[in-house]
Amino acid sequence: AQSVTQPDIHITVSEGASLELRCNYSYGATPYLFWYVQSPGQGLQLLLKYFSGDTLVQGIKGFEAEFKRSQSSFNLRKPSVHWSDAAEYFCAVGEDDYKLSFGAGTTVTVRA
Amino acid sequence: DAGVTQSPTHLIKTRGQQVTLRCSPKSGHDTVSWYQQALGQGPQFIFQYYEEEERQRGNFPDRFSGHQFPNYSSELNVNALLLGDSALYLCASSLAGLVYEQYFGPGTRLTVT
C-alpha cells in the first residue's frame, strides 16, 4: 500500500504572497496524482491532476503543481494568493485498486 | 450539467441505529465511490461500485454496505451505528475508464449520539 504525506498541517500566508504546499508519496510505479481543495462544510473540488507527460501541470484557480519523481513529490503552488484561497488542501494518489488515498490535509489561512 | 448530489445534507442518529445515505453521480458517470472523512482528517476509502457490484473495498467493517442501482445512483448503509461513525460521508463519481478522476459531492454530515 502506498501513502501520502502532507508535512504541513497549517500554513498562514499574506494575501498577494506566493503559496507552496508540499506533498510526498510512496509508490513503486508512476502514480496518478491529484490536488483537491475543500472549503468549510463543503465537498472536495479537483484542482489539478497528473497522469503522465509534462511534469508541470496547470489547474484551476491559478494553481499549478510539479511532479518530481526523484523526490517522490507533487507540490502545489500559486504565485499570488487571494483571500478566497483560504481552505483545506488535500493531496491524493490513485492506487492500483481504483481508490484514491489522501493525505491528512493542509489548512491554509490567508491574512489581509 | 448536474454534478454529484447527496442526500440528506445532515443527519443525527443514535448509537445502534441504522442509516442510509444516497448519492446521484455526475451525468454520464457510471462508477461511484464512497469515502468517510472524520473531523480533521483526509477522506478514507470505503468502497467503490461499478455495474451494480462492489468492485473494491477499503478497511471498513461489514456494518458498512452499499448498493448501486441501474441508473448508477448509489446508497451507503451503516448498521449498528457507533459514536466513531460520526463523520462527513463523501460520494465521488467517475467514468470506468478514468476511475481515478473522481468528482465529489458536498457530503452528508452524520452525527451519532
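These values consider heavy atoms only, across backbone and side chains, with no hydrogens, waters or symmetry-generated copies. The sequence lines fix the lettering, A, B, ..., with proteins before strands; numbering per chain opens at 1.
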>> Only heavy atoms, only distances under 4.5 angstrom. Which residues in residues 59-67 of chain B are near chain A?
In response: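 Within residues 59-67 of chain B, no residue comes under 4.5 Å of chain A, counting heavy atoms only.
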> Which distance, rounded to the nearest 0.5 Å, do you find between the CG of Leu90(B) and the CD of Gln42(A)?
Replying inline: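 So the CG of Leu90(B) and the CD of Gln42(A) are separated by 11.0 Å.
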> When rounded to the nearest 0.5 angstrom, what distance separates CZ in Phe45(B) from CG in Leu100(A)?
Replying inline: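 Here the rounded value is 8.5 Å.
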Would you indicate whether [X], at its atom [atom1], is surrounded by more than 12 heavy atoms from other residues, nucleotides or ligands within a distance under 6.0 Å?
| X | atom1 | answer |
| --- | --- | --- |
| Leu56(A) | CG | yes |
| Arg15(B) | CZ | no |
| Ile9(A) | CD1 | no |
| Tyr32(A) | OH | no |
| Glu53(B) | CD | no |

Cluster overlap [X] with [Y], hydrophobic side-chain contacts below 4.5 Å:
| X | Y | value |
| --- | --- | --- |
| Phe74(A) | Leu76(A) | yes |
| Tyr89(B) | Tyr49(B) | yes |
| Trp34(B) | Tyr72(B) | no |
| Leu110(B) | Leu44(A) | no |
| Val57(A) | Ile60(A) | yes |

>> Under the criterion side chain to side chain contact (heavy atoms under 4.5 Å, CB included), I'd like the reasoning laid out for Phe90(A) against Gln37(B): C-alpha separation, chi angles, the key distance, then a yes or no.
In response: CA-CA 12 Å; Phe90(A) 292 95; Gln37(B) 186 180 17; 3.3 Å; yes
> So which part of Gln102(B) gets closer than 4.5 Å to some heavy atom of chain A, the side chain, the backbone, both or neither?
Replying inline: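 Both parts, backbone and side chain.
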> Which atoms of Gln6(A) come close to chain B, meaning under 4.5 Å heavy atom to heavy atom: side chain ones, backbone ones, both, or neither?
Replying inline: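 Neither; nothing under 4.5 Å.
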>> Looking only at heavy atoms and a cut-off of under 4.5 Å, which of Tyr103(B), Tyr35(B), Phe47(B) has the most pairs with chain A?
In response: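 Max contact count across the listed options: Tyr35(B).
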> Looking at Arg109(B), Arg55(B), Gln6(B), Gln44(B), which has the largest count of heavy-atom pairs under 4.5 Å with chain A?
Replying inline: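 Most heavy-atom pairs within the cutoff with chain A belong to Arg55(B).
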> Checking side chain to side chain contact (heavy atoms under 4.5 Å, CB included) for the pair Ile46(B)/Lys99(A): CA distance, chi angles, key distance, verdict?
Replying inline: CA-CA 9 Å; Ile46(B) 302 175; Lys99(A) 70 180 185 183; over 6 Å; no
> Less than 6.0 Å separating the ring centroids of Tyr100(B) and Phe34(A)?
Replying inline: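 No, they do not, as the ring centres are separated by 6.0 Å or more.
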>> Quick one, Glu101(B) with Lys49(A), criterion side chain to side chain contact (heavy atoms under 4.5 Å, CB included). Give me CA distance, side-chain angles, the key distance, then yes/no.
In response: CA-CA 8 Å; Glu101(B) 192 165 332; Lys49(A) 60 185 182 286; 3.1 Å; yes
